[in-house]
K.L.:
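Quick one: the structure is below, and I'll ask about it shortly.
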There are 2 protein chains.
Amino acid sequence: MGEKRTPSGFLLKQRAFLKLYLITLTEQERLYGLKLLDVLRQEFKPLGYRPNHSEVYKALHDLIEDGILKQVKQKKEGMKYQEVVYYRFAEGGQEKAKLYKRQLKAELDRCAALIRKAIEDNYS
Amino acid sequence: MGEKRTPSGFLLKQRAFLKLYLITLTEQERLYGLKLLDVLRQEFKPLGYRPNHSEVYKALHDLIEDGILKQVKQKKEGMKYQEVVYYRFAEGGQEKAKLYKRQLKAELDRCAALIRKAIEDNYS
DNA sequence: CCATGAACACCTTGTTCATAG
DNA sequence: CTATGAACAAGGTGTTCATGG
């Protein structure tokens, strides 16, 4: 019944991928949910990847649970009344972010190797 | 009710990945289900990927539905009575396989680009 | 034990709905 | 309309069970 599933170790999940980008974007500029979505969609458009809004929100909530980010509700720039949720690093979040990024780097390298191997093995 | 879900276009699915390998392995040598699993596990062990038997069977069944492979029940080499299911190309399966592999090549290249971009964007 | 297969349960993720400005 | 969020449901995949040698 309550057996935990052991992952097979195939490619990384979308959620983890988005969390990585959201950390990096938080390092660079102050943005809120839908704006982050917009940036990501623009970035990945040439590669045929179009994340949806729920995934971005869930990734952001994950990062909050991880103690990496925190929410900062603020008036949107220019707008007088529209309040949106910006993100910045939580206390101690920078270090946790650094650790997470290090783990993801290893995972991305592994995935790159997996794909490279598939190309070699099947197209030579 | 029967609304189809549009994939977001993130990384390719395990099933497709396995189907590609199973086609290539069928080109090379005659093997049956669990033996194919064994080969794949050995291949990917250094990369931390360990597919399970059900996924391999489902991928093989998919390839049959696609008209690419067909089953050949035969006595296992050496054994007198144990009958196992070998695979070979169905009639016209070679061409379909070639087409499938061409599609997967494009998909693998896309995934490689996605991962390469993530490494560049987040680690520079 | 090996081998094949299907049923089942869980997990990820896309879609929809609810609330608020 | 934008924005955030949660609920829901479809799809993918790991685990278990059934059958047979």
Side-chain angles (χ1 to χ4, degrees), chain A residues 1-19 22 30-41 44 48-65 69-87, chain B residues 1-19 22 30-41 44 48-65 69-87:
Chain A
M1 352 202 81
E3 299 300 324
K4 67 174 80 169
R5 277 159 62 121
T6 60
S8 72
F10 189 55
L11 302 175
L12 90 166
K13 299 288 183 278
Q14 181 182 197
R15 182 77 53 85
F17 185 91
L18 288 176
K19 284 169 74 175
L22 292 170
R30 178 84 43 86
L31 290 172
Y32 59 93
L34 281 198
K35 221 57 180 173
L36 289 159
L37 176 68
D38 204 49
V39 168
L40 291 168
R41 282 183 175 172
F44 296 122
Y49 170 43
R50 183 187 155 89
N52 63 49
H53 84 274
S54 275
E55 269 307 306
V56 169
Y57 282 124
K58 281 183 271 188
L60 286 167
H61 299 337
D62 261 30
L63 289 167
I64 292 170
E65 269 193 39
L69 297 187
K70 69 177 178 186
Q71 296 191 325
V72 183
K73 292 191 176 68
Q74 257 179 239
K75 300 275 182 297
K76 195 170 164 183
E77 320 249 320
M79 312 295 270
K80 289 289 182 296
Y81 302 111
Q82 173 82 56
E83 215 176 43
V84 294
V85 181
Y86 290 94
Y87 292 86
Chain B
M1 349 205 346
E3 297 302 324
K4 67 172 85 169
R5 274 159 66 121
T6 60
S8 71
F10 189 54
L11 302 176
L12 91 164
K13 299 290 183 275
Q14 181 180 197
R15 182 77 52 85
F17 186 89
L18 288 176
K19 285 169 72 175
L22 291 169
R30 178 86 43 88
L31 292 172
Y32 60 93
L34 281 199
K35 222 57 180 171
L36 288 158
L37 176 67
D38 206 48
V39 169
L40 292 169
R41 282 182 175 172
F44 297 122
Y49 170 43
R50 183 184 153 90
N52 61 50
H53 83 274
S54 275
E55 269 307 306
V56 169
Y57 282 123
K58 280 184 271 188
L60 286 167
H61 299 338
D62 261 31
L63 288 167
I64 292 170
E65 271 193 38
L69 297 187
K70 69 177 177 185
Q71 296 191 325
V72 183
K73 293 191 175 66
Q74 256 179 239
K75 301 276 181 295
K76 195 171 164 185
E77 320 251 319
M79 310 297 269
K80 289 287 181 299
Y81 302 111
Q82 174 80 57
E83 216 177 42
V84 295
V85 181
Y86 290 93
Y87 291 87

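By convention in this document, chain letters (A, B, ...) are assigned in the order of the sequence lines, proteins followed by strands, and residues within each chain are numbered from 1. Note that the structure is a prediction, hence the values are computed from the model and not measured.
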K.L.:
Is the shortest side-chain N/O distance from B/Q71 to OP1 or OP2 of C/dG5 below 4.0 Å?
P.N.:
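So the side chain of B/Q71 is within the cut-off, an N or O lying under 4.0 Å from OP1 or OP2 of C/dG5.
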
K.L.:
I'd like to know if A/R5 reaches the base of D/dT13 with its side chain, counting only an N/O donor and acceptor under 3.5 Å.
P.N.:
yes

K.L.:
Given atom NZ of A/K73 and atom C1' of D/dG5, what is their separation to the nearest angstrom?
P.N.:
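A/K73 atom NZ is separated from D/dG5 atom C1' by 11 Å.
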
K.L.:
Side chain of B/H61: nearest nucleotide among D/dA3, C/dG14, C/dA6?
P.N.:
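Minimum distance to the B/H61 side chain belongs to C/dA6.
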
K.L.:
Is any side-chain heavy atom of B/L60 closer than 4.5 Å to a side-chain heavy atom of B/V85?
P.N.:
no

K.L.:
Rounding to 10 degrees, work out the angle separating the end axes of the helix from C/dC1-D/dG21 to C/dG21-D/dC1 (five pairs an end).
P.N.:
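Answer rounded to 10°: the end axes differ by 30°.
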
K.L.:
So A/Q71 and A/Y86, do their side chains get closer than 4.5 Å, heavy atoms only?
P.N.:
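No - every pair of side-chain heavy atoms lies 4.5 Å or more apart.
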
K.L.:
Any idea how A/Y57 and A/H61 line up, ring-wise: parallel (<30°), tilted (30 to 60°), or perpendicular (>60°)?
P.N.:
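A/Y57 vs A/H61 ring planes: parallel.
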
K.L.:
Please indicate whether A/R41 has more than 12 foreign heavy atoms, meaning atoms of other residues, nucleotides or ligands, lying under 6.0 Å from its CZ.
P.N.:
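Correct, the count exceeds 12.
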
K.L.:
Do A/L37 and A/L40 have side-chain heavy atoms sitting under 4.5 Å apart?
P.N.:
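When only atoms from C-beta onward are counted, A/L40 and A/L37 do not touch, as no gap falls below 4.5 Å.
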
K.L.:
Would you tabulate the pairs of protein nitrogen or oxygen atoms and nucleotide nitrogen or oxygen atoms of nucleotides 17-21 of chain C closer than 3.5 angstrom?
P.N.:
unit_1, atom_1, unit_2, atom_2, d
C/dG21, O3', A/Y81, O, 3.2

K.L.:
Taking atom types as they are modelled, is there a donor-acceptor pair under 3.5 Å from the base of C/dT13 to the side chain of B/S8?
P.N.:
no

K.L.:
Does B/K58 contact D/dG12 through a side-chain donor or acceptor facing the base, at a distance under 3.5 Å?
P.N.:
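Between D/dG12 and B/K58, which were checked side chain against base, a qualifying N/O pair under 3.5 Å is absent.
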
K.L.:
Would you kindly give the OH-to-P distance between B/Y87 and C/dA3, to the nearest whole Å?
P.N.:
13 Å

K.L.:
Name the residue closer to the 5' end of DNA chain C, choosing between A/K13 and A/S54 according to the nucleotide with the nearest heavy atom.
P.N.:
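Nearest-nucleotide comparison on DNA chain C picks A/K13.
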
K.L.:
Scan the side chains in residues 9-19 of chain B for donor-acceptor partners under 3.5 Å anywhere in the protein, sequence neighbours excluded, and list what turns up.
P.N.:
unit_1, atom_1, unit_2, atom_2, d
B/Q14, OE1, B/Y49, OH, 2.7
B/R15, NE, B/E55, OE1, 3.2
B/K19, NZ, B/D66, OD2, 2.8

K.L.:
Given atom OH of B/Y57 and atom C1' of C/dA7, what is their separation to the nearest angstrom?
P.N.:
16 Å

K.L.:
What's the separation between atom CG in B/D38 and atom NE2 in B/H53, rounded to the nearest 0.5 Å?
P.N.:
13.5 Å

K.L.:
How do B/Y49 and A/V85 order along DNA chain D: which one's closest nucleotide is nearer the 5' end?
P.N.:
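Between the two, 5'-proximity favours A/V85.
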
K.L.:
Calculate the interatomic distance between A/L34 atom CG and D/dG5 atom C1'; express it in whole Å.
P.N.:
11 Å

K.L.:
For B/R50 and D/dG14, give me the distance from atom CZ to atom P, rounded to whole Å.
P.N.:
11 Å

K.L.:
Just compare D/dA3, D/dT13, C/dT13 and give me whichever is closest to any side-chain atom of A/E55.
P.N.:
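Of the candidates, C/dT13 comes closest.
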
K.L.:
Supply the atom-to-atom distance A/L31 CG to A/L22 CG, rounded to the nearest 0.5 angstrom.
P.N.:
10.0 Å

K.L.:
What is the distance, rounded to the nearest whole Å, between atom CG of B/L36 and atom P of C/dG5?
P.N.:
12 Å

K.L.:
Output the rounded distance in Å from CZ (B/F17) to P (D/dG12).
P.N.:
17 Å

K.L.:
Would you kindly give the CG-to-P distance between B/N52 and C/dT4, to the nearest whole Å?
P.N.:
15 Å

